[in-house]
There are 2 protein chains.
Amino acid sequence: MRPRFDLRHVECLLAVAEHGSFRRAARHLNVAQPALSRTVRNLEEALGVLLVARDRRRVTLTPAGQVFAEGGARLLAEAAELAHGTARAHKGLLGKLRIGYTDFAIAGVLPDIVNAFRTAFPDISATFTPSVTAQQIEALREGRIDAGFLTGPLELPFVETQEVQCDAVVALLPAEHPLAARAAVSLQELAEEPFVVGASEHWAHFLTHVMHLCQVAGFRPKVAQEAANSEAIVGLVAAGIGVTLSIESIARRPRHGVVMRPLAGEPYEISTLLAWRRGGQDPALRHLRDVAVSYWRDTSGA
Amino acid sequence: MRPRFDLRHVECLLAVAEHGSFRRAARHLNVAQPALSRTVRNLEEALGVLLVARDRRRVTLTPAGQVFAEGGARLLAEAAELAHGTARAHKGLLGKLRIGYTDFAIAGVLPDIVNAFRTAFPDISATFTPSVTAQQIEALREGRIDAGFLTGPLELPFVETQEVQCDAVVALLPAEHPLAARAAVSLQELAEEPFVVGASEHWAHFLTHVMHLCQVAGFRPKVAQEAANSEAIVGLVAAGIGVTLSIESIARRPRHGVVMRPLAGEPYEISTLLAWRRGGQDPALRHLRDVAVSYWRDTSGA
DNA sequence: GGGTGGCGATGCCGTCCTGCTATCATTTGC
DNA sequence: GCAAATGATAGCAGGACGGCATCGCCACCC
């Protein structure tokens, strides 16, 4: 049941209704009067309803014409708004973004970036999904998310990235651990310690960093316990199950029973990236990237 | 700021979005593929926004295209609903009526008629304005109301009428009045009584009847007090100020301190009419008239 | 690996819609 | 009673839209 009339017809009828005269309405619409007469006539035939009562002296709307005029005005307004909204979407001022994020990101810069983004682009509605780096990469590839805050490094043919956060790896120890008395600890000192780590099937990205660090230090960590997320890992450390390696952003959040100690020697840094599909044209996404870039420029410069 | 696109464009874009392919969409729309391609292209040019991402292999909507498609679907639905509503208005199933009514009507059949009308035509919104007969005639002439329930008789070149109610004129007396003991009273017996009547500037129609009755009975009533409406008149009678003539529909509503007595002799009847402008084409109004006619047929027959 | 089928874009042509000018019938207002 | 204004009608021209044939491209398949 598609409509048999067009917005042009609606405009013409509204003009006639407003001016109460075909001629004046035609002048106002910058068309000749006969054209307007015929257009209104066509509209009436399309609807099968007489809309205008032509009294030879005065033109008024029939009751059905009034109903149509009211609805038509609404229709026109919404059409104009639609055009406007589409233009705004084109400029990236309006839209939807699906964004993934890791524990590391949410503990770090993500809130600040999102705040800045929402302030600058209030009409872009973003939905956030917590998920680890590997899952975000998959979701990016399959188009289930538009962007992800995830753990670097990342070199893939179909994604582009922008660094947004840089954390030194630090040691987290139970508060009563002997090494907690030290200002800093070296990795070698942790060689024999039981480790709490993320579950390997999901935690792969950061685990790679941890394994690499330990290997350089000459040992292979003894895994005492696996956990599902950063919150759980820190909790298990607080419980005295073992030690762990984490990043500053996580460790800065004070937690009873856990102390953070920097690693001695050259700091090893973990970057958190904003990632999106390469070549993506979504203007809203570009704006998110721009906000991330300028945020990174401001904070890394300071 | 009028929209530069038409509903036809919207339909085409929605079809492309739905089928994910120009060719399939074209088949579904019963047009050739090149025509569809150009229509979508024209729409994009009209909006100045790319809506469809042509990947050579797969056709998807750009973010702006998704915004437009969502709004466009709403727009089309409302356009269809508008056409439907206009057709309903044409058939008189939808519309607005402005209706005047007198005290006599609201005390009598008006509630029943309006109930039947609202049940039969729930989408016709009626607004009711209380007003005396003379004002309703003026409002009818000037088009401020579409119909009026008023006191007959009425013979005017520009109105048509339908009788809806027929009341005998009765006497209303203070309860402690000597004549209240009688089963019926004759007009002559009221010749010397003080009368409470409606204010003459507005009450002219019914007053004419009263004066006529009294004149036939051979006297001219002594007006003790004027009042603004039936409620006030009955109240003043209850207060013992005087007697009055009224109609059964008013008098049937029991009121402390007032008694109703029929007039002796041949009953004098007052008709209440539904009146509307002659030649009016409003289908909603016709339905109101039809309801009134059938109501009158049912009640006057019974 | 070349053939084949499906896709969207483009060019060309016919048709219908739309708009304009000129004119008419009717009404209004002086 | 005439002039001005209004809506309807007729005839004509331009443009938009749709259809057909075709092109270039890509994926799939034997």
Side-chain angles (χ1 to χ4, degrees), chain A residues 2-62 65 69 72 76 79 158 279 281, chain B residues 2-62 65 68-69 72 76 79 143 158 279 281:
Chain A
R2 41 178 152 312
R4 286 157 159 57
F5 62 91
D6 257 333
L7 295 182
R8 191 176 51 83
H9 295 136
V10 179
E11 278 185 75
C12 290
L13 184 86
L14 286 183
V16 169
E18 183 186 352
H19 293 90
S21 149
F22 278 71
R23 273 194 133 81
R24 276 196 295 276
R27 255 198 302 276
H28 190 260
L29 289 173
N30 289 319
V31 295
Q33 168 260 319
L36 183 58
S37 277
R38 230 186 356 182
T39 301
V40 172
R41 193 167 193 77
N42 286 345
L43 173 61
E44 291 176 326
E45 284 171 8
L47 293 173
V49 173
L50 203 76
L51 302 175
V52 176
R54 295 145 171 98
D55 269 69
R56 209 53 128 178
R57 45 169 294 180
R58 170 100 125 264
V59 170
T60 55
L61 292 182
T62 64
L76 274 193
F158 65 92
Q281 297 296 321
Chain B
R2 62 193 120 199
R4 285 156 161 57
F5 62 92
D6 257 334
L7 295 182
R8 191 177 48 84
H9 296 136
V10 179
E11 277 185 75
C12 289
L13 184 87
L14 285 183
V16 170
E18 183 187 351
H19 293 91
S21 148
F22 278 71
R23 272 193 133 81
R24 276 194 295 276
R27 254 197 302 276
H28 189 261
L29 289 174
N30 290 318
V31 294
Q33 168 261 319
L36 183 58
S37 277
R38 235 187 352 175
T39 301
V40 171
R41 195 166 197 75
N42 285 347
L43 173 60
E44 291 177 325
E45 284 171 8
L47 293 173
V49 173
L50 205 75
L51 301 175
V52 176
R54 293 143 171 100
D55 270 78
R56 204 60 120 178
R57 193 71 208 133
R58 172 90 109 259
V59 170
T60 56
L61 292 183
T62 64
F68 186 86
L76 274 195
F158 65 93
Q281 296 296 320

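Smallest separation of non-hydrogen atoms from A:Thr62 and A:Ala53: CG2-N, 3.9 Å.
Listed candidates were D:dG18, C:dC20, C:dA9. Nearest to the side chain of A:Val31 is C:dC20. In this structure, of C:dA22, D:dG7, C:dA9, it is C:dA9 that holds the atom nearest to the side chain of B:Arg54. Among D:dA10, D:dC17, D:dA21, the nucleotide with an atom closest to any side-chain atom of A:Pro34 is D:dA10. Residue B:Val59 places its side chain closer to C:dG8 than to any other of C:dT18, C:dG8, D:dC17. Taking only side-chain atoms of A:Phe22, from C-beta outward, the nucleotide of C:dC7, D:dA8, C:dT18 with the closest atom is D:dA8.
B:Arg8 comes within contact range of the sugar-phosphate backbone alone, with a heavy-atom separation under 4.0 Å but no base atom that close.
With A:Cys12 as reference, A:Leu29 is the one residue of A:Asn42, A:Val31, A:Leu29 to meet the side-chain contact (heavy atoms from CB on, under 4.5 Å) rule.
For B:Arg23 against C:dG6, no side-chain N or O and base N or O form a donor-acceptor pair under 3.5 Å.
Contact between the side-chain N/O atoms of B:Asn42 and the OP1/OP2 oxygens of D:dC17 is found at a separation under 4.0 Å. Residue A:Ser21 places at least one side-chain N or O under 4.0 Å from the OP1 or OP2 atom of D:dG7.
Of the inter-residue distances, the one linking B:Arg4 atom CZ with B:Leu47 atom CG reads 10.0 Å to the nearest 0.5 angstrom.
The aromatic rings of B:Phe5 and B:Phe68 sit perpendicular, their planes meeting at an angle over 60°, well past the 30° parallel limit.
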